[in-house]
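Nothing fancy with the numbering, it's 1 onward along the sequence. When reading the values below, keep in mind they use all heavy atoms of this one structure, side chains included, and skip hydrogens, waters and symmetry mates.
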Amino acid sequence: MKPNISNTLHTPLLKSNQKTSYLIFVTFGSIVFLMSMLALIIINQTQDLAREVAQGVSPKSNSYDWTDAMFSWQRTAFHFQPQKNWMNDPDGPLFHMGWYHLFYQYNPDSAIWGNITWGHAVSKDMIHWFYLPIAMEPDKWFDINGVWTGSATLLPSGEIIMLYTGDTNNYVQVQNLAYPANLSDPLLLDWVKYAYNPVIEPPPGIGLKNFRDPTTAWIGPDKKWRVLIGSKKGKTGLSFVYKTTNFTYFELNDNYLHAVPGTGMWECVDFYPISINGANGLDTSVNGPEVKHVLKASLNDKKVDCYAIGTYLIENDTWVPDNPNEDVGIGLLLDYGRYYASKTFYDQVKKRRILYGWINETDTASDDLKKGWASLQTIPRTVLFDKKTRSSLVLWPIEEIESLRISSDEYEGVLITPGSVVPLNITQATQLDIFAEFEIESLTSEANISNDNIDCGKGAFERSAFGPFGIIAIADDTLSEQTPVYFSLSNTSIDCSTTFFCVDETRSSKASEVKKPVYGSKVPVFSDEKLSMRVLVDHSIIESFAQGGRRVISSRVYPTEAIYGAARLFLFNNATNINIKVSIKIWHLNSAFIAPFPFDQNQ
């Protein structure tokens, strides 16, 4: 039932020239907030993320009556996605002769998974992309059922090696070699598949369908290149190590690089060094005393991207996690939202490690077929070692995203009392880059330790002493549709508090078939830090970063009313025992104008 809430009940819109505002809200504000938070709590639909048809967005009979205008609004303005049809894993990212290249799993025939080829795009800045012709098609016996995920390796000679998984005519997963037909072509339009593929076949004792996704190779002191391939034995997820000198003949290492019982099939494995004291990324072959190694696996059973930081032992090509209690698959995630099949590469131009990730739809296959497309890639993220926690990564949107900023609005010291919601005077709030900081003012003289069991709970409508509070994105005027991004605390002393960072999608859409979970995670906060978040809003995707990228949550939302000019942005405080003072800056972002490559013009 739609709540009958008049706009007159809202606090007057905050103007951006009000640099300092101390606002006390009357009971009406609390009524509006609580009514909207309790309205339209919809039972989440179970729907699994996918790399195969059976695991994909599932057709359901109770599809919402979407209009063409709604479908058109869902398409993003500055995230990479194909012109049409299905996309999944990012493949073989690299930089060559002035262009960043992105390959990706692509179905040229439909908006659902199948007939997987390699799509191809190039960009000067990883924001403004150009579509190129398909790079590789499933046209050989060793990949006739799919040109699956792979990685690029740049050799010192300047050669480019592409290893990828092929699904054979007998549905066996094998590893194949491809290389550019013409290295002098900046666009790398034509690719040659090695005539004697496959170069690696499943070893004895491994399921023929459980052996995939080769990594970027790295070279050891013995001048041999190493590459990892994900697999499993029983319920134990693992990564094989293969060595080669020429990328046509490989030998299997005696040891796994690593294995973790109970984690199931590892796919899209990634392995790379990070500097524990430096500010730059590292080439994949770097090792040394001030270097740790990240091991990441996409867990096929849970559809999440897990990672751990540890030590790579070059003498036997094994890896040991720094904290066994936070091993791969049982500890940290790269992203605590809708996110999978990620891949990094080393950007030799700006000396940084860049992370791509696939964001699937959470609607239905029938909806995707109607709108003609499915899935997108996140904004590329830089990857660095967290020098404060010393145990995790910090991920942050690449600086090039700032080139899309058109104009900004800024509000300082906005005081939000318990139970209040504050509309901001932001029109067309569908393409935004938001940065917000939050300070806490306790309202009680009692010990400021909550007895509440703090976590993300069932969403932002659940009140506790010290949360939730944050922003509400992609909302309509009455808050009948809304996506809160928020913090919840156990204590007003930040460095002693258990702090959760969350995104609540439960009221993001009135469409019942759309999956609408609550995502979140604990996030470490230090005494010299303010609570802070950065949120990128681009129509149907919201990417949220807490504490400088210490935690990240990617969300998909499909509103039916909070679209186009009806989309609004709010601040809120649903805690009971604290005031929140907010300073927030909001940039409006332009479109990236992603388009086919202009072959009729000079490159």
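- Between K343 and D270 there is no salt bridge, since no side-chain nitrogen of the basic residue lies less than 4.0 Å from a carboxylate oxygen of the acidic one.
- Inter-residue side-chain proximity for K124 and W99 is flagged as met; some heavy-atom pair is nearer than 4.5 Å.
- The distance from the CG atom of L424 to the CD1 atom of I472 is 10.0 Å, given to the nearest 0.5 Å.
- Scored by the side-chain hydrogen bond (donor to acceptor under 3.5 Å, both in side chains) test, Y164 finds D143 as partners (sequence neighbours excluded).
- Ion pairing between E361 and K371 holds under the 4.0 Å rule for side-chain N and carboxylate O.
- Distance alone, capped at 3.5 Å, is enough to place a donor-acceptor pair between the N176 side chain and the F142 backbone.
- For Y340 and E267, the side-chain atoms include at least one donor-acceptor pair closer than 3.5 Å.
- Taking the six-membered ring wherever Trp is involved, the centroid distance between the rings of Y486 and F469 does not fall below 6.0 Å.
- Checking R353 against T344 by side-chain atom types alone, a donor-acceptor pair falls below 3.5 Å.
- The CG atom of D538 lies 12.5 Å from the CD atom of Q74; values are rounded to the nearest 0.5 Å.
- The backbone N or O of W396 lies less than 3.5 Å from a partner atom in the side chain of T382, making a donor-acceptor pair.
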TODO: Decide side-chain contact (heavy atoms from CB on, under 4.5 Å) for R338 and N360; before the verdict, give the C-alpha distance in whole Å, the side-chain angles of both, and the deciding distance to 0.1 Å.
DONE: CA-CA 7 Å; R338 188 72 168 182; N360 198 5; 3.9 Å; yes

*Output, in order, the C-alpha distance, side-chain angles, deciding distance and verdict of salt bridge (Lys or Arg N to Asp or Glu O under 4.0 Å) for D433 and R534.*
CA-CA 7 Å; D433 185 353; R534 184 179 181 185; 2.7 Å; yes

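- Remark: side-chain polar atoms of N145 are paired, donor with acceptor, to backbone N or O of T168 under 3.5 angstrom.
- Side-chain rings of F501 and F487 approach one another, their centers coming within less than 6.0 Å.
- Within the 3.5 Å criterion, the main-chain N or O of D213 finds a donor-acceptor partner in the side chain of T165.
- Under the 4.5 Å side-chain criterion, counting only non-hydrogen atoms from C-beta, L369 is in contact with S110.
- Between R381 and D335 a salt bridge is recorded (basic side-chain N to carboxylate O distance below 4.0 Å).
- The backbone N or O of A460 lies less than 3.5 Å from a partner atom in the side chain of N574, making a donor-acceptor pair.
- The shortest side-chain heavy-atom distance between I229 and Q175 falls under the 4.5 Å cut-off.
- With respect to E481 and K510, no salt bridge is recorded, no charged nitrogen being found less than 4.0 Å from a carboxylate O.
- Closest approach of S298 to C268, counting heavy atoms only: OG-CB, 3.5 Å.
- Using a 4.0 Å cut-off between charged nitrogen and carboxylate oxygen, E400 and K350 count as a salt-bridge pair.
- To the nearest 0.5 angstrom, M136 atom CE is 13.0 Å from I116 atom CD1.
- Residue S508 comes nearest to E505 through the heavy atom pair OG-O, 2.7 Å, listed as atom of the first residue, atom of the second, then distance.
- Neither side chain, H101 nor H96, offers a donor N or O lying under 3.5 Å from an acceptor on the other.
- Here the straight-line distance linking atom OG of S123 with atom CD1 of I594 works out to 8.5 Å at 0.5 Å rounding.
- Around the CG atom of D139, the shell of radius 6.0 Å holds more than 12 heavy atoms that belong to other residues, nucleotides or ligands.
- Of the inter-residue distances, the one linking Q81 atom CD with T76 atom OG1 reads 3.5 Å to the nearest 0.5 angstrom.
- With no hydrogens or angles considered, a side-chain donor-acceptor pair links Q431 and H539 at under 3.5 Å.
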Could you walk me through whether W266 and S231 pass the side-chain contact (heavy atoms from CB on, under 4.5 Å) test, one step at a time? CA-CA 5 Å; W266 286 9; S231 188; over 6 Å; no

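- Y104 meets the ring-ring contact (aromatic ring centres under 6.0 Å, His included) test with F80, Y106; sequence neighbours excluded.
- Within 6.0 Å of OH in Y171 there are 12 or fewer heavy atoms belonging to other residues, nucleotides or ligands.
- Judged purely by atom type and a 3.5 angstrom limit, S554 has no side-chain atom pairing as donor or acceptor with the backbone of E543.
- Residues S63 and D367 meet the side-chain proximity criterion, which asks for heavy atoms closer than 4.5 Å.
- Across all non-hydrogen atoms, the minimal contact from A111 to A374 is O-CB, 3.4 Å.
- Side-chain contact, N85 with N107: no donor N or O sits under 3.5 Å from an acceptor N or O.
- When atom types are taken as modelled, the side chain of Q428 and the backbone of R568 share no donor-acceptor pair closer than 3.5 angstrom.
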Would you tabulate the side-chain donor-acceptor contacts of residues 584-593 under 3.5 Å, counting partners in other chains and residues two or more places apart, or write 'none'?
unit_1: H588; atom_1: NE2; unit_2: D409; atom_2: OD2; d: 3.0
unit_1: S591; atom_1: OG; unit_2: A77; atom_2: O; d: 3.2
unit_1: S591; atom_1: OG; unit_2: F593; atom_2: N; d: 3.0

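- The two atoms that bring Y339 and T378 nearest to each other are CE1-CG2, 3.7 Å, heavy atoms only.
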Might you work through the side-chain contact (heavy atoms from CB on, under 4.5 Å) test for F103 and W191, ending with a clear yes or no? CA-CA 12 Å; F103 304 86; W191 289 80; 3.5 Å; yes

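- Taking the six-membered ring for Trp and the full ring otherwise, the centers of F599 and F597 sit less than 6.0 Å from each other.
- Distance CG/N210 to NZ/K232: 5.0 Å, rounded to 0.5 Å.
- Here the side chain of N170 pairs no donor or acceptor atom with the backbone of V172 at under 3.5 angstrom.
- Put simply, the residue from V422, V537, T427, I434 that forms a side chain to side chain contact (heavy atoms under 4.5 Å, CB included) with L569 is I434.
- Of the possible donor and acceptor atoms, none in the side chain of W73 sits under 3.5 Å from a partner among the backbone N and O of Y558.
- When all heavy atoms of A429 and I474 are compared, the closest pair comes out as O-CD1, 3.6 Å.
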May I have the step-by-step check of side-chain contact (heavy atoms from CB on, under 4.5 Å) for E513 and Y64, ending in yes or no?
CA-CA 7 Å; E513 78 271 19; Y64 189 84; 3.5 Å; yes

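- Considering only heavy atoms from C-beta on, V122 stays 4.5 Å or farther from Y100 through its side chain.
- K296 has a carboxylate O that lies under 4.0 Å from a charged side-chain N of D305, or vice versa, which qualifies the two as a salt bridge.
- Nearest heavy-atom pair across P380 and Y356 is CG-CE2, 3.6 Å.
- The closest donor-acceptor contact from the side chain of W118 to the backbone of W148 lies under 3.5 Å.
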